[in-house]
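So the structure is just underneath, and the comments pick up after that.
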Number of protein chains: 2
Amino acid sequence: MTTTKKAAPPSERRTHLIRLAADLFAEKGFRATTVREIADAAGILSGSLYHHFDSKESIGDEILREFLDDVVGGYRSAVAGTDDPRVAIERMVRFSTAALSRHRAALTMLQNDWAYFSAQKRFAYLRTAMREIEQTWIDQLERGKRDGQFRADLDARLIYRLLRDILWIPTSWKQSRGKSWKTDEIVDGLLRLLFDGINAR
Amino acid sequence: MTTTKKAAPPSERRTHLIRLAADLFAEKGFRATTVREIADAAGILSGSLYHHFDSKESIGDEILREFLDDVVGGYRSAVAGTDDPRVAIERMVRFSTAALSRHRAALTMLQNDWAYFSAQKRFAYLRTAMREIEQTWIDQLERGKRDGQFRADLDARLIYRLLRDILWIPTSWKQSRGKSWKTDEIVDGLLRLLFDGINAR
DNA sequence: TAGGACCGAGCAAGCGTTTGGGCAAGTAGG
DNA sequence: CCTACTTGCCCAAACGCTTGCTCGGTCCTA
């Protein structure tokens, strides 16, 4: 026996089911979504899901992995091409908003059910990836301080923490009734706020 | 029969139980916390809780009401004393961070279980209060624009949305391992970021 | 005729809640 | 001072329902 029991053969149907599940996770969170709801969305019975997945957690696992791979890869290439921290940060901000809207489900899951996931060994890679992401941000902020481009009294870690959480805020606005902003408007407003603040002059 | 069945007599024990429940809600959210966990924390059986409350929702209701009363009242008196929008906003920011750390449970509940609560008539006051809060912020921001104190191209509603979510971010950092910031550091960093951005000069 | 996709029915565990009763501390009445 | 009754708090056991998941069998397609 050299193979694992169920290594996740990526059939077309399976991929579609994950997308359906992700849509539900994006709105209600992971724990608050039931397997029966997922099955309903797919037009099958809940038990039939287990022909494709060996557990509900496996679905969540795949969604989270895809998200983190995307983000980590994007950040690496964002800082690769330049040594101007302001440029790098703007790239990271723009990439983040795009990536986050691509992975709304992962975001909601991390926000609502972080305690649930991070407590399991199976999801240890969450912490690993988060650490690399944090380091990338801090490196750029510190570099900007040394260059004299950013304020010298800046607490890089504090700013990172704020930014990290700020960046994924607009993602949760998608279905807000009334006027809604385009992604460009949001990211521009955000960048302006980040670099210059709200003061005139 | 002229009185309601169970109008919530505020006994001492009852108040204590609410506090215990709030601590759990603050860490796991409302739906993810079970009545048995609350009872365990109090050293009693789950059924015994129903001597004090008629439902789990009633506990949540009381926590949310207290929070919103606090915030709405605080904002009213924050804008009352001055007609300088920059002063008013700084007051609101400082008051918010204080209030939010006083009501961590309510915050987590609104963040994790907003869809659950806002769908029920019983919690209609949530939307009402939120609307007043939003209007208060927007009024001050618009006033600052007219004064020429804030950038004229500022989207007040967008900035409010960002601020609202940004402000309650640090509250979720309470038990972050490693270095943790004092509330003053956070709010100062936040105010600096808000007004001036991260750029030098 | 073999295999992938699904059904139908059900399981154990966990959920919020109900019910009936026990036990101690107070408060009258004789 | 003893008794009877109320009141506040809690236990023990269970209810009906939902949860994630299992399993044998059936259908369709190739």
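As the structure is a prediction and not an experimental result, all values here were calculated from the model. Chain naming here is simple, since letters A, B, ... match the order of the sequence lines and numbering starts at 1 in each.
- The cationic atom of B/Lys28 (NZ for Lys, CZ for Arg) does not lie both less than 6.0 Å from the six-membered ring centre of A/Tyr116 and within 45° of the ring axis.
- When each of A/Ile38, A/Asn112, A/Thr108, A/Ile18 is paired with A/Phe25, the side chain to side chain contact (heavy atoms under 4.5 Å, CB included) condition holds for A/Ile38 and for no other.
- Look at CD1 on B/Ile38: it is 14 Å from P on D/dC10, rounded to the nearest Å.
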Would you tabulate the pairs of protein nitrogen or oxygen atoms and nucleotide nitrogen or oxygen atoms of nucleotides 27-30 of chain D closer than 3.5 angstrom?
none

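- Relative orientation of the B/Phe117 and B/Phe30 rings is tilted, given thresholds of 30° and 60° on the angle between their planes.
- In this entry the distance linking CG of B/Leu49 with P of D/dG8 reads 18 Å, nearest Å.
- Not one side-chain nitrogen or oxygen of B/Tyr50 sits closer than 4.0 Å to the OP1 or OP2 atom of C/dT18.
- Ion pairing of A/Asp23 with A/Arg19 is absent here, as no side-chain N (NZ or NE/NH1/NH2) approaches a carboxylate O to less than 4.0 Å.
- The nearest heavy atom of DNA chain D to A/Val35 and to B/Ala42 marks one nucleotide each, and the one closer to the 5' end goes with B/Ala42.
- In this structure, OH of B/Tyr116 is placed 13 Å from C1' of D/dT18, rounded to the nearest angstrom.
- Salt bridge annotation for B/Arg14-B/Glu62: present, with a cationic side-chain nitrogen under 4.0 angstrom from a carboxylate oxygen.
- At whole-Å resolution of the value, CG in B/Asp40 and P in D/dC10 are 14 Å apart.
- A/Glu132 has a carboxylate O that lies under 4.0 Å from a charged side-chain N of A/Arg76, or vice versa, which qualifies the two as a salt bridge.
- Regarding A/Ile59, its CD1 atom lies at a distance of 10 Å from the P atom of D/dG20, rounded to whole Å.
- Going from atom CZ of B/Arg31 over to atom P of D/dC17 covers 19 Å, rounded to whole Å.
- In this structure, the CG atom of B/Leu24 is 12 Å from the P atom of C/dG16, given to the nearest Å.
- Put simply, A/Arg13 has a side-chain N or O that comes within less than 4.0 Å of OP1 or OP2 on C/dC6.
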Could you list the protein-to-nucleotides 7-12 of chain C atom pairs, N/O on both sides, closer than 3.5 Å?
residue : atom : partner : partner atom : Å
C/dC7   : OP2  : A/Leu45 : N            : 2.7
C/dC7   : OP2  : A/Ser48 : OG           : 3.0

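- Ionic pairing of A/Asp84 and A/Arg86 is not present here: no N-O contact between side-chain nitrogen and carboxylate oxygen is shorter than 4.0 angstrom.
- One finds a side-chain N or O of A/His51 lying less than 4.0 angstrom from the OP1 or OP2 phosphate oxygen of C/dA5.
- When rounded to the nearest whole Å, the span between NZ of B/Lys56 and P of C/dT17 equals 8 Å.
- Taking 4.0 Å as the cut-off between side-chain N and carboxylate O, B/Glu134 and B/Arg131 do not count as a salt-bridged pair.
- In this pair, B/Tyr75 and B/Trp137 present their aromatic rings perpendicular. The plane angle is above 60°, beyond the 30 to 60° band.
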